[in-house]
Amino acid sequence: YMLKTLGLGYDGFALLCAVQLISKAVAFPFTQWLAQRIGLLRLLIGSMLGAAVVAFLWGAERSVAGMVMAKVISGATWACYEFSRFQILLGSARPKQRVEFLAMSASLAGLMQLGGALLGSFLLARVGLTYREIFLVSALGRALPLMAFVPVVMARRELATARGD
């Protein structure tokens, strides 16, 4: 997409990849501070929303400056997501099962990324969607778990409040 559709050379492609990595590296040290201020669940929810917004930006933006901004947001979003997800998983697993729990989580995340890439390729090659449309489908696909996750979190909070926790 970046090389063919956007017409970026390898230098531009490498620049965008570097921007995301640098953004993630810069944002990551602040994730603990942010989690202490707003809580791990809110950080996770916000980062899930950020992942959907990033996919939307990829579909909506055509300029290199816009792509750079999307990559900056993406790096910060993924730093928050990885930190909050990791902390919540560690807190949820029994100590003897943490390694297995985290390995299964990483495997599932990899399978989901592969599945998303394969679905996107299928939609591009067989259904005839454009890259822009695929990114919008991706934004929706990333937002769907958030729509299911938020009501569950809210119900748990109401239950905890009712019990006096």
Side-chain angles (χ1 to χ4, degrees), residues 1-8 12-89 91-92 105-125 127-157:
Y1 172 72
M2 289 189 276
L3 295 172
K4 291 181 182 177
T5 303
L6 295 181
L8 295 178
F13 176 78
L15 171 69
L16 284 178
C17 291
V19 165
Q20 182 175 1
L21 289 172
I22 292 168
S23 172
K24 186 176 177 181
V26 168
F28 201 81
F30 297 100
T31 56
Q32 182 178 3
W33 175 84
L34 189 56
Q36 289 173 343
R37 300 294 180 270
I38 67 171
L40 283 171
L41 282 176
R42 285 187 181 160
L43 185 61
L44 181 64
I45 290 169
S47 63
M48 290 170 71
L49 178 62
V53 168
V54 166
F56 177 78
L57 290 174
W58 271 96
E61 190 55 54
R62 296 280 186 225
S63 70
V64 173
M67 290 291 141
V68 168
M69 182 54 66
K71 286 292 194 174
V72 168
I73 295 169
S74 179
T77 294
W78 285 108
C80 291
Y81 176 77
E82 289 177 8
F83 178 82
S84 58
R85 181 181 64 96
F86 185 75
Q87 294 299 320
I88 290 169
L89 285 173
S92 301
S105 172
S107 297
L108 182 60
L111 286 173
M112 295 300 288
Q113 287 177 340
L114 176 62
L118 291 174
L119 178 61
S121 297
F122 174 78
L123 293 174
L124 184 65
V127 178
L129 295 183
T130 64
Y131 278 109
R132 183 182 193 127
E133 293 165 336
I134 290 169
F135 287 127
L136 296 177
V137 168
S138 176
L140 178 63
R142 293 173 183 206
L144 286 176
L146 182 62
M147 291 178 203
F149 185 67
V150 171
V152 170
V153 170
M154 299 308 280
R156 283 183 61 199
R157 283 196 177 167

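Because the structure is a prediction, the values reported are computed rather than measured.
Here SG of C17 is found 11.0 Å from CD1 of I22. Values are rounded to the nearest 0.5 Å. Rounding to the nearest 0.5 Å gives a distance of 7.5 Å between OG1 of T130 and CG of L136. In this structure, CD1 on I73 lies 5.5 Å from CG on L57, to the nearest 0.5 angstrom. Between the CG atom of L43 and the CE atom of M48 there is a distance of 12.0 Å, given to the nearest 0.5 Å. Of the inter-residue distances, the one linking L118 atom CG with L123 atom CG reads 11.0 Å to the nearest 0.5 angstrom. The CZ atom of R37 sits 10.0 Å away from atom CD of Q32, with the distance rounded to the nearest 0.5 Å.
When every heavy atom of Q20 is checked against every heavy atom of S74, the shortest pair comes out as NE2-OG, 2.9 Å. Nearest heavy atom pair, residue A79 against residue A27, reads CB-CB, 4.1 Å. P151 and A148 make their closest contact through CD-O, 3.5 Å (heavy atoms, listed as atom of the first residue, atom of the second, distance). Considering all non-hydrogen atoms of both residues, L89 and S105 come closest at CD1-OG, 3.1 Å. Between F83 and L40, the shortest heavy-atom distance links the atoms CE2-CD2, 3.9 Å. Of all the heavy atoms in P145 and G141, the pair that sits closest is CD-O, 3.0 Å.
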> After noting the C-alpha distance and the side-chain angles of W58 and R132, does the key distance pass the side chain to side chain contact (heavy atoms under 4.5 Å, CB included) rule?
Replying inline: CA-CA 7 Å; W58 271 96; R132 183 182 193 127; over 6 Å; no

>> L129 vs L124, test: side chain to side chain contact (heavy atoms under 4.5 Å, CB included). Steps then yes/no.
In response: CA-CA 5 Å; L129 295 183; L124 184 65; 5.9 Å; no

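Of the possible donor and acceptor atoms, none in the side chain of S138 sits under 3.5 Å from a partner among the backbone N and O of I134.
In this structure, L140 and F56 have side chains that are not in contact, with every pair of non-hydrogen atoms separated by 4.5 Å or more. Contact of the K71 side chain with the V68 side chain is not registered, since no non-hydrogen atoms from C-beta on lie closer than 4.5 Å.
By the 30° and 60° cut-offs, the orientation of the rings of Y1 relative to F135 is perpendicular.
Side-chain contact check for R85 and S47: no donor-acceptor pair (N or O, by modelled atom type) lies under 3.5 Å.
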